[in-house]
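Worksheet: the structure to be examined is printed underneath.
Order of appearance sets the numbers: ligands from 1, and atoms from 1 within every ligand.
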Amino acid sequence: QPMRELFGLKTMEEQLKEQFNLKEVVVVSGDTDEFSWVKKEIGRATVSCINDLLQANNIVAVTGGSTLAAVAEMMNADSKELMPLFVPARGGLGEDVGNQANTICAKMAERAKGNYRLLHMPDQLSKEAYSTMMEEPYVKEVLNLIRSSSIVVHGIGEAFTMAKRRKTSESNLEKLKEGNAVGEAFGYYFDEEGEVVHRVRTIGLQLEELNGIPYILSVAGGSSKAKAIRSFLKEGHSTILITDEGAAKELIKGI
Ligand code: G3H
């Protein structure tokens, strides 16, 4: 029985890798929607993937969310003393403190025995405030570090779950409905085709900038996130997917 299960997961990994043109796919058994321990297993699998990729003095950019918090929880120092530098991928997106990229970033650095730099930004930035912030030397410096990341580790959320959790305004909710948003990552909302229908204005990594980063680790599980995951993978924003059986089965059904 365990062998059969293993075989099933391997088959799913291969299918997803081919379908979405990914370098690597890891599928852990179970469904996050059913059992919370599955999220921890996703966290563990992600840490082992990060440790495999890490080289001396690499910069690792991370986003927020409960899945990334689970990754931070599992983070450990590789025996190689690589001194990774952790940075948040983007500024404030309206999450509770435990789910914020800054919190997760600091925790990962501590556990990995590395360093971190943070971006303290208000969640809502006017155009003027945004331009002013962009001129701040500290912000510029951290932005340069973010853009030089070797690895980005990020979560993917179901669009309306994320919009509600982040207390999105009525007018922006309307925009998401009209645009048929299904997924969210980095503060960008996507429709089923992977087109951006809305973006939160915050400082940090912009979607186009992902192109220059060697490894984009997309980390998300739960059958309810399948559409959201597909919306992000569709436009080829990702290089490695770490997910669970629940989401993988739904993703494969849609192939
Ligand atoms: O951007 C996506 C969200 O960070 C995902 O949040 O991991 O709590 O579902 P979650």
Atom 1 (O) of ligand 1 - nearest protein heavy atom and its distance = Glu184 OE1, 2.5 Å
Could Lys234 and Glu192 be called an ion pair, given the rule that one side-chain N must be under 4.0 Å from one carboxylate O?
-> no
Out of curiosity, is Thr63 lining ligand 1, as in a heavy atom under 4.0 Å away?
-> no
Who's the nearest protein heavy-atom neighbour of atom 6 (O) of ligand 1, and how far?
-> Arg165 NH2, 3.3 Å
Single hit among Asp31, Val28, Leu9 for side chain to side chain contact (heavy atoms under 4.5 Å, CB included) with Glu245 = Leu9
Is the shortest distance from a Lys or Arg side-chain nitrogen in Glu41 or Arg44 to a carboxylate oxygen in the other one below 4.0 Å?
-> yes
Protein residue, atom and distance nearest to atom 7 (O) of ligand 1, heavy-atom basis = Thr67 OG1, 2.5 Å
Could you list the atoms of ligand 1 found under 4.0 angstrom from a heavy atom of Arg166?
-> 1 (O)
Hey, looking at atom 4 (O) of ligand 1, which of Gly183, Gly64, Ala185, Ala159 has the closest heavy atom?
-> Gly64
Side-chain donor-acceptor contact under 3.5 Å, Gln206 with Tyr188 = yes
Between Ser224 and Glu158, what is the shortest heavy-atom contact and its length?
-> O-CG, 4.3 Å
Top protein contact for atom 3 (C) of ligand 1, by heavy-atom distance = Met162 CE, 3.5 Å
Examine Glu95 against ligand 1 and note whether any of their N/O atoms are separated by less than 3.5 Å.
-> no
Is it true that Leu93 and Leu205 fall in one hydrophobic cluster, defined by side-chain heavy atoms closer than 4.5 Å?
-> no
Would you say Lys225 contacts ligand 1, with heavy atoms under 4.0 Å as the rule?
-> yes
Would you please classify the geometry between the Phe232 ring and the Phe190 ring as parallel, tilted or perpendicular, with 30° and 60° separating the classes?
-> perpendicular
Numbered atoms of ligand 1 (with element) below 4.0 Å of Ile156, judged on heavy atoms = 2 (C), 5 (C)
Determine whether any heavy atom of Gln100 lies closer than 4.0 Å to an atom of ligand 1.
-> no
Decide yes or no for Val62 and Met108: does some side-chain heavy atom of the first lie under 4.5 Å from some side-chain heavy atom of the second?
-> yes
Look at atom 8 (O) of ligand 1 and say which protein heavy atom is nearest, naming residue and atom and giving the distance to 0.1 Å.
-> Ser66 OG, 2.5 Å
